[in-house]
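Some notes on the structure that comes next.
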Amino acid sequence: MEQGLRSDGNNPPSIDKTRVLDVKPLRCLAPVFPSPNGMSSVSTPQPSPFVCVPPTGPFPPGVAPFYPFVAPNDSGRPGESSQQTPSGVPNQGGPFGFAQPISPVPLNSFRTPTTANGNSGRSRRAVDDDDYSNSQDQNDQFASGFSVHVNNVEDSGTGKKRGRPKKPRRAQQAEGLTPVEVDVEPLLTLLLTSFKLVDLDQVKKADGDKELAGRVLLVFDLFRRRMTQIDESRDGPGSGRRPDLKASNMLMTKGVRTNQTKRIGNAPGIEVGDIFFFRMELCLVGLHAPTMAGIDYMSVKLTMDEEPLAVSIVSSGGYDDDGGDGDVLIYTGQGGVQRKDGQVFDQKLERGNLALEKSVHRANEVRVIRGVKDVAYPTGKIYIYDGLYKIQESWAEKNKVGCNVFKYKLLRVPGQPEAFKVWKSIQQWKDGVASRVGVILPDLTSGAESQPVCLVNDVDDEKGPAYFTYIPSLKYSKPFVMPRPSPSCHCVGGCQPGDSNCACIQSNGGFLPYSSLGVLLSYKTLIHECGSACSCPPNCRNRMSQGGPKARLEVFKTKNRGWGLRSWDPIRGGGFICEYAGEVIDAGNYSDDNYIFDATRIYAPLEAERDYNDESRKVPFPLVISAKNGGNISRFMNHSCSPNVYWQLVVRQSNNEATYHIAFFAIRHIPPMQELTFDYGMDKADHRRKKCLCGSLNCRGYFY
DNA sequence: GCCCGATCATGATT
DNA sequence: CAATCATGATCGGG
């Protein structure tokens with residue numbers, strides 16, 4: 001957000017303990033959005049800190065989409081989109097710099113959805129050894145991600161080849177055991193039903209909004225993560241099955257997509273600053289249609305004939321594009337350079353290159369998506385929607401190997417929220433080239449975490465939150481005694497997916513709960529992590545919540561809600577954020593304590609849990625944590641009725657003793673500097689109510 | 001309408 | 001770690 005980037009150059013004052021001590025805890029209240037409606041998402045000067053959720057009431061049984069996102073219509077006038085023509089691109093004429101309105105002609109037509117055949121196969125419940133009693137119902141089946149089907153018949157005569165035949169697979173296959181095949185079709189169907197994405201009408205497919213785009217992306221990611229988990233459990237780590245492609249393919253063939261109509265200008269529902277981790281995500285929400293090509297364009301009808309105009313580009317750095325200062329982008333045309341046989345050719349003025357050339361003269365706005373390296377995972381890439389640009393000029397030049405390439409100079413349209421520039425600033429803070437403005441303490445953890453967490457206030461004079469002791473983990477006065485202890489594992493090198501001998505994987509229903517990137521692969525009622533009696537090292541994948549936060553976080557003063565938590569690093573959907581540290585106290589035994597996590601409250605369920613689990617998420621242990629006197633960064637996470645963070649119960653046990661923990665994971669991709677919030681849940685004790693002014697459309701009006 | 005090829009992918013391996 | 005490989009999907013154009 002922009003306030004984070006102001007540079008007025010004063011040095012951070014040293015901390016004054018006497019003032020700090022008297023400050024009241026303030027993790028409450030006050031609106032975040034000045035105006036709940038009528039603001040165009042395009043012209044809003046800064047990105048909304050929260051994505052919002054429609055007002056479904058506290059917990060409606062089986063009605064509205066359970067995890068929706070607020071939909072400020074792109075036009076800001078919700079009723080109007082239905083009045084547009086079915087081909088539906090609003091012609092605003094003016095903004096494109098044309099004398100006449102453009103009437104765009106989409107080059108593609110709708111793909112007919114193919115009907116999915118339900119695969120047959122003998123159904124079997126996954127191994128499920130949860131050690132609290134009444135979880136062996138449908139509930140747990142859903143929470144662990146649907147049932148598992150075993151194909152005993154090899155491909156049943158369809159003749160369909162899958163995977164690569166080359167490398168021999170390890171584990172089961174190598175030993176000649178029956179490979180476990182999971183039919184993912186019903187899994188997807190269930191997700192689509194839960195999120196009301198079955199039979200999207202043509203209008204919604206053609207033109208989206210924020211709420212719909214959010215749902216599509218959420219389902220894609222949930223599905224993709226689950227398929228990653230299934231693939232790995234069958235083939236072991238490193239199975240190159242491209243779950244991203246498979247997931248998006250299945251969604252697209254079912255017509256689960258939006259903004260399929262190409263348009264010049266912003267894609268409805270996609271905000272400047274939004275981030276993506278797969279090219280396919282750009283396709284699904286119509287931000288950029290081609291799966292690989294960097295230039296998207298459409299045929300536009302002008303006075304007499306049609307001509308192609310560029311609508312969006314992806315700058316991935318593959319052609320040594322010059323990043324410039326953040327408002328300028330030098331973009332290289334497509335084609336020419338890479339050939340299989342090593343031969344190189346001149347680029348031709350056709351396709352995307354031609355469209356960009358035309359767009360120079362028409363001066364239309366072009367969406368720009370900037371690809372950057374994912375620092376947390378160098379082989380991955382992150383795509384940042386950086387808003388609208390206009391092409392100032394174009395030219396041809398010789399590249400290093402002497403071929404002609406086209407170059408285009410793009411200038412960012414002023415008045416848009418900062419996006420890529422935020423990333424640049426953060427990089428400068430990290431490199432020490434520039435200093436973060438308003439830093440009160442460089443590291444409020446005093447080195448207790450692997451990364452510093454700075455305390456920042458750039459909005460007023462307050463010198464810090466009330467004094468507390470920083471403790472990085474949870475304090476138990478007495479561990480819980482397990483009635484049915486689970487065995488510990490013997491994975492010396494760390495638990496590996498697909499290892500059917502690993503006791504901890506068995507406890508988790510046969511799946512490793514986390515990906516190699518620290519992403520939670522499917523939500524569960526309870527996750528069994530490795531404990532002190534396990535043989536695996538501390539960096540084992542099944543100890544995700546034990547290693548402290550991975551992202552670079554900061555505690556900052558919000559405008560109206562006291563102190564809050566946010567991240568300098570982008571966080572992928574499902575990514576681990578931190579544990580709720582503090583002191584375990586007796587349930588119900590708190591009154592004047594604003595730093596409580598109470599697992600016995602009623603919480604909005606996530607994904608497919610909704611329909612049958614209306615009451616509450618089941619908690620096998622009445623865990624209540626107070627972080628009033630001591631805690632970690634999560635004590636600063638504010639409440640929101642439409643949060644971007646979700647908690648997940650985790651148990652670590654060794655022998656017959658266990659400790660339960662609360663681990664926080666990102667619900668969706670979270671761009672840098674967006675405040676992290678979770679839902680505090682509902683309490684039966686009315687007197688604990690506080691007024692909530694989080695401003696989201698589905699705000700319940702209060703929280704606890 | 002069908003097929004084919006171009007395309008700033010992804011992930012793992014060498 | 002940069003280069004390479006294998007697998008891949010969409011869309012425009014022939």
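Each chain gets a letter, A, B and so on, in the order its sequence line appears, and its residues count up from 1.
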Exercise. Figure out the CG/P separation between A:Leu284 and C:dT10, and round it to whole Å.
Key: 9 Å
Quiz item: If you pin A:Lys373 and A:Met280 to their nearest nucleotides in DNA chain C, which one's is more 5'?
Solution: A:Lys373
Practice problem: Using atom CD1 of A:Ile295 as one end and atom P of B:dC8 as the other, report the distance to the nearest whole Å. | Solution: 7 Å
Quiz item: Which pairs pass ring pair (Phe, Tyr, Trp, His ring centres under 6.0 Å) with one or both residues in residues 372-392 of chain A, sequence neighbours excluded?
Solution: none
Quiz item: To the nearest angstrom, how far is A:Lys348 atom NZ from B:dG5 atom C1'?
Solution: 13 Å
Exercise. Would you tell me if any nitrogen or oxygen in the side chain of A:Ser316 comes within less than 4.0 Å of OP1 or OP2 on B:dA9?
Key: yes
Quiz prompt | Partner set under ring pair (Phe, Tyr, Trp, His ring centres under 6.0 Å) for A:Phe406, not counting sequence neighbours | solution = none
Quiz item: For the pair made of CZ in A:Phe220 and C1' in B:dT10, what is the distance, rounded to whole Å?
Solution: 11 Å
Quiz item: Nearest nucleotide by nearest heavy atom, which residue falls closer to the 5' end of DNA chain B, A:Glu350 or A:Ser516?
Solution: A:Glu350
Exercise. Calculate the interatomic distance between A:Tyr331 atom OH and B:dT7 atom P; express it in whole Å.
Key: 11 Å
Practice problem: Examine B:dA12: is either OP1 or OP2 under 4.0 Å from a nitrogen or oxygen in the side chain of A:Tyr377? Give yes or no. | Solution: yes
Exercise. Indicate, yes or no, whether a donor-acceptor pair under 3.5 Å links the base of B:dA6 to the side chain of A:Arg351.
Key: no
Quiz item: Under the ring pair (Phe, Tyr, Trp, His ring centres under 6.0 Å) test, which residues partner A:His288, sequence neighbours left out?
Solution: none
Quiz item: For A:Val375, which residues count as a side-chain contact (heavy atoms from CB on, under 4.5 Å) partner, sequence neighbours excluded?
Solution: none
Quiz prompt | Contact under 4.0 Å: A:Tyr383 side-chain N or O vs B:dT10 OP1/OP2 | solution = yes
Quiz item: Ring centres of A:Phe277 and A:His669 under 6.0 Å apart?
Solution: yes
Self-check item: Any A:Gln334 side-chain N or O less than 4.0 Å from OP1/OP2 of B:dC8
Solution: yes
Quiz item: Of A:Ala289 and A:Met292, whose closest DNA chain C nucleotide lies nearer the 5' terminus?
Solution: A:Met292
Exercise. Write down the distance separating the P atoms in C:dT7 and B:dT7, rounded off to the nearest Å.
Key: 22 Å
Quiz prompt | A:Leu245 side-chain proximity, nearest of B:dA9, C:dG8, C:dC11 | solution = C:dG8
Self-check item: Residue A:Arg279, side-chain heavy atoms: nucleotide from C:dA9, C:dG13, B:dT10 that is nearest
Solution: B:dT10
Quiz item: Can a side chain N or O of A:Lys262 be found less than 4.0 Å away from OP1 or OP2 on C:dG12?
Solution: yes
Exercise. Calculate the interatomic distance between A:Asp244 atom CG and B:dA12 atom P; express it in whole Å.
Key: 11 Å
Exercise. Just jot down the ring pair (Phe, Tyr, Trp, His ring centres under 6.0 Å) partners of A:Phe223, sequence neighbours excluded, or say none.
Key: none
Self-check item: Integer-rounded Å distance: C:dT10 C1' and A:Met250 CE
Solution: 17 Å
Practice problem: Quick one: the dot-bracket string of DNA chain C, using Watson-Crick and G-U wobble pairs with both distances under 3.5 Å, [ ] for crossing pairs and | for bases paired to another strand. | Solution: .||||||.||||||
Quiz item: Which part of the nucleic acid does A:Thr291 contact within heavy-atom distance under 4.0 Å: base, sugar-phosphate only, or nothing?
Solution: base
Quiz item: Got a salt bridge between A:Lys205 and A:Asp201, using NZ or NE/NH1/NH2 to carboxylate O under 4.0 Å?
Solution: no
Quiz item: Separation of A:Met227 atom CE from C:dA9 atom P, in whole Å?
Solution: 10 Å
Quiz item: Salt bridge check: are A:Lys390 and A:Glu365 linked by an N-O gap of less than 4.0 Å?
Solution: no
Quiz item: Taking only N and O in the side chain of A:Asn249, is any of them less than 4.0 Å away from OP1 or OP2 of C:dT10?
Solution: yes
